[in-house]
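Because the structure is predicted, anything quoted here is derived from the model rather than measured.
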Amino acid sequence: MNRRIVTRRLRFVGAPGSRSIERMARPAGLILDYGNVLTHPQDQTWMDGAARRLGADPAAFRAAYWQHRHAYDADLSAATSWGRVAAASRPGAPGLDAGDLTWLIETDVASWNIYNDPVWTLAAEFRRAGGRTAFLSNSGPEMMARVRTRWPLEARFDAVVISCEVGLSKPDPRIYELCLERLVLPAASTLFVDDRADNVEGAARIGLRTLQFEGPDALERLRAVIR
């Protein structure tokens with residue numbers, strides 16, 4: 001006599017980063033962030049070299065980088081964004097020349113492209129098992145051009161939503177809703193994975209299941225939920 005075995009998965013709940021768990025059904029959908037999830041954490045050491053190249057204070061350069069990053073990932077051009085970073089980190093200095101702009105774009109993109117291959121593999125396995133997957137990223141066009149040379153995103157994911165292409169960015173609830181619309185899944189049966197607490201909290205507010213991808217056990221926690 002055959003018996004159907006129903007497994008219940010582990011869910012990590014509570015404040016972002018919480019290790020408390022409860023039982024939950026395997027999600028029908030999986031939405032993955034790009035930076036620091038599908039990639040290893042950004043190598044920020046290049047920022048010191050960038051500050052030296054521009055004649056800027058390193059701390060001021062880092063602060064300006066993050067201050068203007070959200071607008072760049074949404075729809076601000078690379079030239080305008082990096083011009084603002086340079087102006088904020090070295091007040092009174094001349095504007096960026098073409099060589100510096102090209103170098104900044106290329107080195108920044110490279111710092112976000114150390115791929116976390118096991119997460120890509122998990123996503124592919126989840127999809128082969130019948131789940132639906134989405135790539136949801138706050139990224140600019142230069143970044144995505146590089147990513148697409150390595151990964152055919154539309155062939156690997158059921159939905160691809162990128163901030164610079166849709167004019168929305170996390171944690172705006174509309175970008176999660178757009179992603180769910182393209183996945184054709186309800187929030188309650190879909191898991192969203194991101195390293196940033198504000199993005200995770202924004203997703204939870206519209207009813208998505210969430211997992212904050214941080215710490216040395218992040219991959220194992222994700223694997224436990226989706227398998």
Side-chain angles (χ1 to χ4, degrees), residues 11-20 24 27-44 62-63 65-76 81 108-109 111-116 119-120 122-123 126 131-141 143-144 147 151 153 157-183 185-219 221-223 225-226:
R11 182 185 185 188
F12 291 80
V13 296
S18 170
R19 298 297 185 267
S20 61
M24 69 177 287
L30 175 64
I31 302 174
L32 294 172
D33 174 40
Y34 174 66
N36 299 338
V37 175
L38 286 162
T39 72
H40 289 288
Q42 182 197 29
D43 178 6
Q44 297 185 16
R62 287 172 185 269
Y65 176 90
W66 292 113
Q67 177 186 353
H68 297 289
R69 188 73 200 190
H70 190 77
Y72 178 29
D73 287 339
D75 57 8
L76 197 65
S81 176
D108 177 48
V109 167
S111 75
W112 289 102
N113 279 272
I114 306 171
Y115 299 112
N116 193 348
V119 180
W120 292 85
L122 272 182
F126 179 84
R132 292 181 62 76
T133 59
F135 178 104
L136 175 56
S137 177
N138 285 359
S139 293
M143 182 78 67
M144 286 300 106
V147 173
W151 305 99
L153 296 181
F157 295 90
D158 297 291
V160 176
V161 180
I162 300 166
S163 59
C164 67
E165 297 175 359
V166 300
L168 299 167
S169 56
K170 298 174 288 185
D172 186 325
R174 293 174 296 172
I175 198 168
Y176 305 112
E177 291 163 355
L178 175 62
C179 191
L180 287 168
E181 180 183 322
R182 292 184 180 182
L183 272 180
L185 285 175
S189 63
T190 305
L191 177 69
F192 171 71
V193 183
D194 198 295
D195 65 302
R196 290 180 58 93
D198 55 344
N199 292 340
V200 168
E201 290 161 2
R205 280 194 290 271
I206 71 154
L208 280 159
R209 300 177 183 179
T210 60
L211 186 149
Q212 188 172 357
F213 198 87
E214 64 169 4
D217 64 339
L219 180 63
R221 288 189 291 118
L222 175 56
R223 184 177 283 118
V225 173
I226 68 172

The test is side chain to side chain contact (heavy atoms under 4.5 Å, CB included); show your working for L183 and T133 and say whether it passes. CA-CA 7 Å; L183 272 180; T133 59; 5.8 Å; no

Audit row: R62, Q67, side chain to side chain contact (heavy atoms under 4.5 Å, CB included) steps and yes/no: CA-CA 9 Å; R62 287 172 185 269; Q67 177 186 353; over 6 Å; no

Run the side chain to side chain contact (heavy atoms under 4.5 Å, CB included) test on I114 and T39 for me, step by step, so that the C-alpha distance in whole Å, both residues' side-chain angles and the decisive distance to 0.1 Å come before the verdict. CA-CA 5 Å; I114 306 171; T39 72; 5.6 Å; no

Between Y176 and L136, does a side chain to side chain contact (heavy atoms under 4.5 Å, CB included) hold up when you go through it step by step? CA-CA 8 Å; Y176 305 112; L136 175 56; 3.9 Å; yes

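Using a 4.5 Å heavy-atom cutoff, the side chains of L178 and V166 are in contact. Side-chain atoms of L32 and D194, non-hydrogen and from C-beta on, never get closer than 4.5 Å to each other. Proximity of V147 to W112: side-chain heavy atoms (C-beta onward) are nowhere separated by under 4.5 Å. Side-chain atoms of L180 and I206, non-hydrogen and from C-beta on, do get closer than 4.5 Å to each other. Side-chain contact between L208 and L191: absent, with no pair of heavy atoms (C-beta onward) separated by less than 4.5 Å. A 4.5 Å side-chain heavy-atom check between L30 and T190 finds every atom pair outside the cut-off. Contact check for K170 versus F192: side-chain heavy atoms found under the 4.5 Å cut-off. The closest side-chain heavy-atom distance from E201 to Q212 is not below 4.5 Å.
Closest heavy-atom contact between P27 and I226: CG-CG2, 4.2 Å. Across every non-hydrogen atom of V200 and L211, the tightest pair is CG2-O, 4.2 Å. The two residues S81 and Y72 come nearest to each other via the heavy atoms OG-CB, 3.3 Å. The shortest heavy-atom contact between I162 and L153 is CD1-CD1, 4.4 Å. Minimum heavy-atom separation, C164 to G140: SG-C, 3.6 Å. Here the shortest heavy-atom pairing between A123 and F157 reads CB-CE2, 4.4 Å.
Judged by distance alone, the side chains of N36 and D195 do bring a donor and an acceptor atom under 3.5 Å apart. Using a 3.5 Å distance cut-off with no hydrogens or angles, the side chains of Y34 and N138 do not pair a donor with an acceptor.
To the nearest 0.5 Å, the span separating CD1 on I175 from OG on S163 amounts to 6.0 Å. Rounded to the nearest 0.5 angstrom, W66 CH2 and Q44 CD are separated by 5.0 Å. One distance of note links CZ of R174 with SG of C179; it measures 15.0 Å at 0.5 Å rounding. Residue I31 holds its CD1 atom at 12.0 Å from CZ of R209, rounded to the nearest 0.5 Å.
Panel note: side chain S137, backbone D33; no donor-acceptor pair is recorded below 3.5 Å. N113 contributes a side-chain N or O that, together with a main-chain N or O of V109, makes up a donor-acceptor pair within less than 3.5 Å.
Listed by chain and residue number, H70 satisfy the side-chain hydrogen bond (donor to acceptor under 3.5 Å, both in side chains) test with S169 (two or more places apart in sequence, or in another chain). Partners of D158 by salt bridge (charged side-chain N to carboxylate O under 4.0 Å, His left out), not counting sequence neighbours, listed by chain and number: R127, R132. Remark: D198 engages R196 in a side chain to side chain contact (heavy atoms under 4.5 Å, CB included) (not counting sequence neighbours).
Under the 30°/60° scheme for interplanar angles, the aromatic rings of W120 and Y115 are found to stand perpendicular.
Taking a cutoff of 4.0 Å between a charged side-chain nitrogen and a carboxylate oxygen, R69 and D108 qualify as a salt bridge.
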